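Just so you know, these numbers come straight off a predicted model, no measurement behind them. Reckoned from all heavy atoms, side chains included, excluding hydrogens, waters and symmetry mates.
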Amino acid sequence: MATSVLSPPFFHPLHQLQFSKCPRLSSKSHFRPRLLRSISQRTIRAISAVAAESELGTQQDHAIEADIFACPVCYEPLIRKGPSGLNLPAIYRSGFMCKRCKKTYSSKDRYLDLTVTAGLRDYTEIQPARTELFRSPLVSFLHERGWRQNFRQSGFPGPDEEFKMAQEYFESAEGGLLVDVSCGSGLFSRKFAKSGTYSGVIALDFSENMLRQCYDFIEKDDALSTNNIALVRADVSRLPFSSGSVDAVHAGAALHCWPSPSNAVAEITRTLKNGGVFVGSTFLRYSSKTPWFLRPFRERTPQGYGYLTEEEIKDLCTSCGLTNYSSKIQQAFIMFTAQKP
């Protein structure tokens, strides 16, 4: 788009400039008027400076927009064609292409599909049973209609209190970009967006139906219609962001659902900026207060959820390079945080 530059009000076309009357000068005179040339040169220099400054600002704005998403194959920033902005209408009308591998990505059903398998026609992958469970329309529909409310029985304090706890951990990320991984139907994504604390919120999940539910909730909430929130389908072990580009990552009640928590936490660490914050919550397999004779019955199985102990969660975070680990525990509920140095 061309940038129009308006001259300051005291600059007029040269043919409109008026000069005070003066005696006619002989062509042999040694005096030569320099006023016209001086004003002309100053006008050109001023207009050029304003135009250069405006063009630079436009280029910087486009660079920021282009760097938000990256190709999940090679992690190169995506080239965006379409309206700018981190909001649902703008992203839905935009197309994206990796400048290195030329793979293209586009929105589908109101969310942007940035998985490695996006656009494939013949190849399909078989996911673990717990992953497929959350992709079902029924579970996605029930997620905020009874499913999440049952977490209170295990010590979860409830969405409002959990959001307040997370916000305290994210205090240093105020004004930055927050990614809510494994967002489900967007229960916390919407709270983060409505808080106005962050420059943008990306609700990210692998389940297509969860993202559709999230979109439906956003559409019914007038306060969210113009917020900087985007819906993205992606794999938590292959996040579509450049290294060191995200200020905060939230993963509510998600760690036990991931096929490989170590790969996921390593990816989160990669995408975080220096000083970026990771906050997560999950169910503990057992805590220090669990009787010893019950612990063998709560060991992990390949078919079940990957419930961890607090010691395992801390070890996982530190092994991926995160520091300043801390946590809060209530029965089987744990909320933990760690920071990228």
Quick one: do the [X] and [Y] side chains pair a donor with an acceptor below 3.5 Å?
X	Y	answer
Glu125	Thr117	no
Ser182	Trp258	yes
Ser185	Glu144	yes
Ser327	Glu310	yes

Quick check: do [X] and [Y] have side-chain heavy atoms less than 4.5 Å from each other?
X	Y	answer
Ser262	Leu316	yes
Arg80	Ile91	yes
Ile68	Leu78	no
Tyr111	Tyr215	no
Tyr75	Arg238	yes
Lys81	Ser94	no
Pro72	Asp235	no
Pro240	Thr115	no

Would a line drawn from the ring center of [X] to the ring center of [Y] be shorter than 6.0 Å?
X	Y	answer
Phe134	Phe206	no
Phe336	Phe278	yes
Phe151	Phe156	yes

Does the distance from a Lys or Arg side-chain N to an Asp or Glu carboxylate O, for [X] and [Y], drop under 4.0 Å?
X	Y	answer
Glu76	Lys103	no
Arg110	Glu208	no
Glu168	Lys328	yes

Which residue pairs satisfy the salt bridge (Lys or Arg N to Asp or Glu O under 4.0 Å) criterion with at least one member in residues 268-281, sequence neighbours excluded? Asp247-Lys273, Glu267-Arg270

Any donor and acceptor pair, going by atom type alone, linking the side chain of [X] with main-chain N or O of [Y] inside 3.5 Å?
X	Y	value
Asp180	Cys183	no
Asp205	Gly184	yes
Gln149	Gly146	yes

Establish, yes or no, whether the cationic atom of Arg145 lies under 6.0 Å from the six-membered ring centre of Phe141 and within 45° of the ring axis. yes

Pairs where residues 329-341 contributes a residue and the test side-chain hydrogen bond (donor to acceptor under 3.5 Å, both in side chains) is met, not counting sequence neighbours: Asn324-Gln339

